Amino acid sequence: MEKAGLVRRGTVPGDSRGVTATLTDKGRRTLEEAAPGHVTLVRDLLIDVLTPTQLTDLADGLTSPRCSSPSARVVTR
């Protein structure tokens, strides 16, 4: 992705092991173009075939780890 100009690699201040990936303008445009088809495919193949109970269980399973992780962080512009 870096070679394609979609992301830019960076360092993490104070952590020589860490690496950041920053979406470039080209990467953002590519993501915006791909997103509608991706969302449709995920809905068709996963979401729409689940029962209401399964959807609730899925949401519960995805929410708990995300909220409890101290290192989870998303940086936006």
Side-chain angles (χ1 to χ4, degrees):
M1 292 173 65
E2 185 179 21
K3 287 181 182 179
L6 303 175
V7 296
R8 186 174 51 256
R9 186 186 312 238
T11 60
V12 177
D15 184 355
S16 61
R17 300 166 297 158
V19 176
T20 62
T22 304
L23 202 57
T24 63
D25 289 339
K26 180 181 178 183
R28 182 171 295 280
R29 284 191 305 273
T30 301
L31 178 62
E32 289 171 352
E33 291 169 7
H38 174 75
V39 169
T40 298
L41 189 62
V42 169
R43 177 169 282 288
D44 290 348
L45 297 178
L46 177 65
I47 303 302
D48 290 346
V49 299
L50 296 176
T51 67
T53 300
Q54 290 170 323
L55 281 171
T56 299
D57 291 345
L58 177 62
D60 289 345
L62 294 174
T63 301
S64 182
R66 178 177 51 95
C67 294
S68 64
S69 173
S71 63
R73 152 178 105 103
V74 176
V75 179
T76 60
R77 280 197 227 183

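A quick note: this is a predicted structure, and the numbers were derived from the prediction, not measured.
Residues satisfying the side chain to side chain contact (heavy atoms under 4.5 Å, CB included) test with Thr53, not counting sequence neighbours, are Thr51, Asp57. Remark: Arg8 pairs with no residue by the side-chain hydrogen bond (donor to acceptor under 3.5 Å, both in side chains) rule, at least two apart or across chains. For the side-chain hydrogen bond (donor to acceptor under 3.5 Å, both in side chains) test, no residue two or more places apart in sequence or in another chain qualifies with Asp44. Shown here are the side chain to side chain contact (heavy atoms under 4.5 Å, CB included) partners of Leu50, two or more places apart in sequence or in another chain: Leu46, Gln54, Leu55, Leu58.
In terms of heavy atoms, Val12 sits closest to Val19 at CG2-N, 3.6 Å. Heavy-atom minimum distance, Thr30 versus Leu6: OG1-CD2, 3.5 Å.
Grouping Ile, Leu, Val, Met, Phe, Trp and Tyr by side-chain contacts under 4.5 Å, direct or through others, leaves Val39 on its own. Cluster note: Leu45 groups with Leu41 through ILVMFWY side-chain heavy atoms spaced under 4.5 Å, whether in direct contact or through intervening members.
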